[in-house]
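Heavy atoms only: backbone and side chains are in, while hydrogens, waters and symmetry mates are out.
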Amino acid sequence: MSDTIQTKAPAPRRRLNLHVLGPVLALIALIALGASLNSNFLSYGNVTNVLARSSFIGIIAVGMTFVITAGGIDLSVGSMAAFVAGVMIMSMNALVPVLGIGVALVLAGMGVALIAGLAAGLLNGVLIAKVRIEAFIVTLGAMGVYRSLVTWLADGGTLSLNFDARSFYRPVYYDGILGVTWPIIVFAVVAILGELVMRHTPFGRHCAALGANEQVARYSAIKVDRLRMATYVVLGVLVGLATIMYVPRLGSASGSTGVLWELEAIAAVIIGGTVLKGGYGRVWGTVVGVLILSLIDNILNLASIVSPYLNGAIQGVIVVLAVVLQREGKSTD
Amino acid sequence: MKRRDIFKGAAVVVALAATPALAQDESYTIGVAIPSATHGFMGGLNYHAQAAIERLEATYPQLDFVLATAGDAGKMVNDIEDMVATRDIDALVVLPFESEPLTAPVQAVKEAGIWVTVVDRGLSVPGIEDLYVSGDNTGFGKVAGEYFASHLNEGDNIVVLRGIPTTLDNERVDAFNAAIEGSGINVLDMQHGNWNRDDAFNVMQDFLSKYDDIDAVWSADDDMSIGVLEAIAQAGREDEMWVVGGAGMKEIIKRIMDGDPQLPVDVTYPPAQIASAIEMTALGLVSQTPVSGRFIIGSQMVTPENAAQFYFPDSPF
């Protein structure tokens with residue numbers, strides 16, 4: 001018994017390393033490529049730009065990691081972000097005469113965004129966990145509903161934040177502490193908290209257990225329905241948080257806000273090593289995945305090596321390659 | 001059982017729609033089929049279609065309108081078939097969602113003896129429509145290009161944001177390139193911003209990281225201009241370059257009206273072309289005014305002096 005453990009022990013460790021390093025290697029390769037193509041790639045300005053624009057998808061993808069680890073999926077997050085942004089802008093515009101331009105107005109707007117995100121996540125969660133409709137169908141439906149709602153709220157055009165309120169709120173995206181802008185700080189805090197929750201709390205372990213085998217999780221006295229609902233609620237709140245960072249950037253929302261964010265977030269989660277069918281999740285991997293996705297765009301813009309018509313193709317190939325690197329690690333067993 | 005009820009309902013609708021037409025010789029029904037308001041330009045188009053219909057219904061009591069908006073080509077075909085079958089339309093104004101799938105259904109409408117006005121996107125078979133109303137994509141690129149050629153010096157650098165890769169975008173960019181040819185203007189880069197604010201913001205941020213010397217930006221669309229201007233503001237390079245967009249979004253027109261140095265001019269591609277089409281179709285029905293043929297709405301230059309006539313504060317776009 002002890003013999004078998006001893007002989008087997010080194011093998012999984014090496015395997016784990018390869019598996020873990022896959023996305024990191026891809027990220028390092030991309031950074032090296034970017035730096036060799038353009039000297040401005042590693043400049044402070046460009047690095048800040050890329051990190052800040054990654055933060056929306058990044059914050060959402062951290063929540064998505066929990067949903068996917070628990071064996072779920074959420075296709076509605078992009079539309080939900082657009083809808084929450086629309087509701088936030090409209091309520092802030094409506095509150096300007098009451099609260100005036102100031103911290104109170106911004107806090108009220110943030111509160112509205114978080115509550116709207118929580119409510120939307122709760123609705124998905126209840127339909128999936130309690131009414132027991134397939135997550136794919138519930139969130140696909142929600143995707144259409146929120147996209148239409150924001151188009152309807154905007155009357156087909158664009159919802160714009162009151163100009164003075166926008167000027168006051170603008171620093172939330174563009175300013176920060178010691179040259180690190182707020183979206184980057186919030187993304188980092190969310191990622192670190194997410195990693196801690198995933199690794200060191202019962203919630204994280206229960207998510208993995210639920211994704212691995214629902215029956216076993218149920219017999220292990222995990223409150224499966226409540227847990228599943230909680231993952232969607234967490235994701236909804238994080239969508240609200242991402243929206244809080246997004247709105248001050250351009251001060252507007254329309255039917256074309258957040259298009260395909262859901263797929264980018266899911267792709268980032270999978271690139272990072274989380275298993276799409278659930279059971280195993282890695283929050284820091286997700287962060288690497290998000291950075292890989294935004295770096296590809298950034299490098300293509302900075303380098304203009306090939307026809308811009310082919311950007312999508314290059315993106316697709318790199319995404320698949322990043323996952324292939326991991327598969328090689330796995331296939332050793 | 002259910003299906004039979006639907007047919008009954010349809011028969012009643014036909015009867016109701018037919019009755020007033022029989023009772024009143026001089027009354028006409030015009031069907032309007034347009035894509036739904038999924039983005040800024042189409043939002044403006046929907047607004048102008050509704051405004052034109054309201055205005056015409058007040059002016060000509062004998063005119064009746066049926067407006068249908070569709071989110072895809074299939075729904076648009078259904079809408080048109082319903083208009084012919086149940087509302088007995090005398091004329092159809094259609095902005096085809098896509099040329100190919102709409103050609104046969106619109107041809108069938110034409111063969112039923114109904115007047116057909118096609119807006120903005122042509123059908124794939126020529127000669128079906130009685131009247132064709134459209135914006136001018138070649139002119140759109142040309143007007144912008146000529147402005148760049150006459151306001152920049154030899155060796156000045158520009159960057160270009162393109163729309164979603166389509167023939168429409170190619171026509172504009174080709175005309176723009178032709179207009180600046182020989183002027184010595186240096187096009188540093190062209191990337192697709194997909195007529196989207198966020199994409200344009202990201203692309204412009206990267207252009208700004210990549211190039212130290214940019215004198216002007218052709219963002220080719222006012223939604224993209226919003227993202228571009230924000231990226232320039234973030235980099236603190238507002239004084240270095242100006243931006244020319246296009247289409248005629250009210251926020252941009254307002255800033256040109258106020259003499260913003262970053263936005264010297266704009267080039268129109270008016271969503272109000274749908275109003276021209278509806279008005280002309282109505283005019284053809286109620287009077288002897290000849291309206292058949294092709295009507296191409298020129299892309300005009302909006303300057304601080306004439307901006308007021310392009311400013312529609314109530315429109316969503």
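- B:Asp206 and A:Asn46 make their closest contact through OD1-OD1, 3.8 Å (heavy atoms, listed as atom of the first residue, atom of the second, distance).
- Atom CE of B:Met42 and atom OG1 of A:Thr151 lie 13.5 Å apart (nearest 0.5 Å).
- Using a 4.5 Å cut-off between heavy atoms, B:Ala231 does not touch chain A at all.
- Considering CG of A:Leu302 and CD of B:Gln205, their distance stands at 10.5 Å, rounded to 0.5 Å.
- The parts of B:Asn202 that come within reach of chain A are both its backbone and its side chain, each placing non-hydrogen atoms under 4.5 angstrom from that chain.
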**Trace of the salt bridge (Lys or Arg N to Asp or Glu O under 4.0 Å) decision for A:Arg53 with B:Asp198** = CA-CA 10 Å; A:Arg53 74 172 81 137; B:Asp198 291 305; over 6 Å; no
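- Residues A:Asn40 and B:Lys210 come closest through the heavy atom pair ND2-O, 3.6 Å.
- Take A:Ser54 and apply the side chain to side chain donor-acceptor pair (under 3.5 Å) test, not counting sequence neighbours, and it matches A:Ser294.
- Heavy-atom minimum distance, B:Gly227 versus A:Leu250: CA-CD2, 3.9 Å.
- When the candidates A:Gly258, A:Ser252, A:Ser43 are compared by the number of heavy-atom contacts under 4.5 Å with chain B, A:Ser252 comes out ahead.
- The number of heavy-atom neighbours closer than 6.0 Å to CZ of A:Phe136, taken from other residues, nucleotides and ligands shown, is 12 or below.
- Heavy atoms closer than 4.5 Å to chain B are found in the side chain of A:Asn38, but not in its backbone.
- If you measure heavy-atom distances from B:Met249 to chain A, you find no contacts under 4.5 Å at all.
- Using a 4.5 Å cut-off between non-hydrogen atoms, the part of residues 158-179 of chain A that approaches chain B consists of A:Thr158, A:Ser160, A:Arg166, A:Arg170, A:Tyr173, A:Tyr174.
- The environment of CD in B:Glu57 is crowded: more than 12 heavy-atom neighbours from other residues, nucleotides or ligands sit within 6.0 Å.
- Closest heavy-atom contact between B:Asn196 and A:Ser256: ND2-O, 3.3 Å.
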